[in-house]
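We count ligands from 1, going down the list as the structure has it; atoms in each ligand are counted the same way. It should be emphasised that the depicted structure is a prediction, and the values quoted were computed from it without experimental measurement.
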Amino acid sequence: MASESDVVDTSTLSCANCGKPANLQCPKCVELKLPREGSAFCTQECFKFSWSSHKSLHLKAKLSSSLSTVDLGHQSSVSLGEGWLYCLKGGRARTPKLPHFDWTGTLRPYPISSKRIVPAHIDKPDWADGGTPIVEPSSDFQRIVEIKSPDLIQRMRETCHIAREVLDAAARIIQPGVTTDEIDRVVHEATIAAGGYPSPLNYHFFPKSCCTSVNEVICHGIPDARKLEDGDIVNVDVTVYYKGVHGDLNETYFVGNVDEESRQLVKCTYECLEKAISIVKPGVRFREIGEVINRHASMSGFSVVKSYCGHGIGELFHCAPNIPHYGRNKAVGVMKAGQTFTIEPMINAGVWRDRMWPDGWTAVTADGKRSAQFEHTLLVTETGVEVLSGRLPTSPNVFPWLNSS
Ligand SMILES: [Zn+2]
Ligand SMILES: [Zn+2]
């Protein structure tokens, strides 16, 4: 959604880069409540040009505001190398100690490794250096659903194909004993090898290149030093930025031998996404997606997460339309050919309610029971839908229900 605070009174401020009258204000400075002098710019160009020096203002402001201390948790300390710390406050601050929290299940955060490097030749989105998206929040496409040009659609096909191959590479290494940080390394390296940028990296200061959500984690889990255990389920959510566009998909995988209820949960979630995709075509109301998903999930005794939704995608990572996955939602508008968006239902074994870990990212179920998710990036065509992130003949054979032919 466009922020009112991005537009300031032009009469008093001058551009921090060139001195001309300034009508834009750095959103990070607004968030940190820094003085308006020094945070105004005349154009996006001047803002981008100044960014590498300007962002030091944000760092200084953050260092002067003290980080609250945390007590030692009940987790035995893990001995790891330099740079491994717990994530606090959206990845902007880190601590050597486990924060205190009323954990809803048995999962705990583990230390995270230091930030991975992206080579200079890779084309990056505008948050890669500063951590704050600049173009995305104020774009018209936060309220208007863009009809994509054939050229943009072709680029999205290529990017989604890369994202699919990256996710498949991650799926192939999943087994007991593998850490989610190792999954992140595979995602990071495969993305860069394909010439792409891992979109989550530094997006609103997210510290890693993908999300890994284990057991009771609904979404946005941070890859860390925890080893996957026999019986876990783990969702890996990959987004790639390539040729100026994003491609976003995720799948939930079984780690070793998984109990029957979790198997049913994951299968049901897969089916919820398939059923939702099957209704996509021009003229269908966006709010219908949630009805289809809610019907199938409740039929199996599961619940649908309400706090996180599907989203428009393209040159922006997240934009209009917003796609709720729950029933009786208030989403407005109908689908039109040329629109691209994700559907990504999160289905819980117990209650639908979510809670947030102290890291500001990890969303967990309120009752600590398990949650599963699947996601595709879709294109509405004249006659129906094209699944841009669809499975490939080479995709690993990890879902038993796809084998019965
Ligand atoms: Zn995703
Ligand atoms: Zn998404």
Enquirer: Taking the six-membered ring for Trp and the full ring for Phe, Tyr or His, determine whether the centres of Tyr308 and His325 are under 6.0 Å apart.
Expert: no

Enquirer: Taking all atoms of both residues into account, what is the closest heavy-atom pair of Glu382 and Pro282, and its distance?
Expert: O-CG, 3.5 Å

Enquirer: Distances under 2.8 Å only: what protein N/O/S atoms are near the Zn ion (ligand 2), ordered by chain and residue?
Expert: Asp248 OD2, His311 NE2, Glu344 OE2, Glu375 OE2

Enquirer: Quick check: Tyr241 with Tyr197 (ring centres under 6.0 Å apart)?
Expert: no

Enquirer: Using the benzene-type ring in the case of Trp, are the ring centres of His220 and Phe206 under 6.0 Å apart?
Expert: no

Enquirer: Does Leu98 reach the side chain of Pro109, with side-chain heavy atoms less than 4.5 Å apart?
Expert: yes

Enquirer: Apply side-chain contact (heavy atoms from CB on, under 4.5 Å) to Val305 and Trp352, showing your working.
Expert: CA-CA 5 Å; Val305 170; Trp352 61 267; 5.7 Å; no

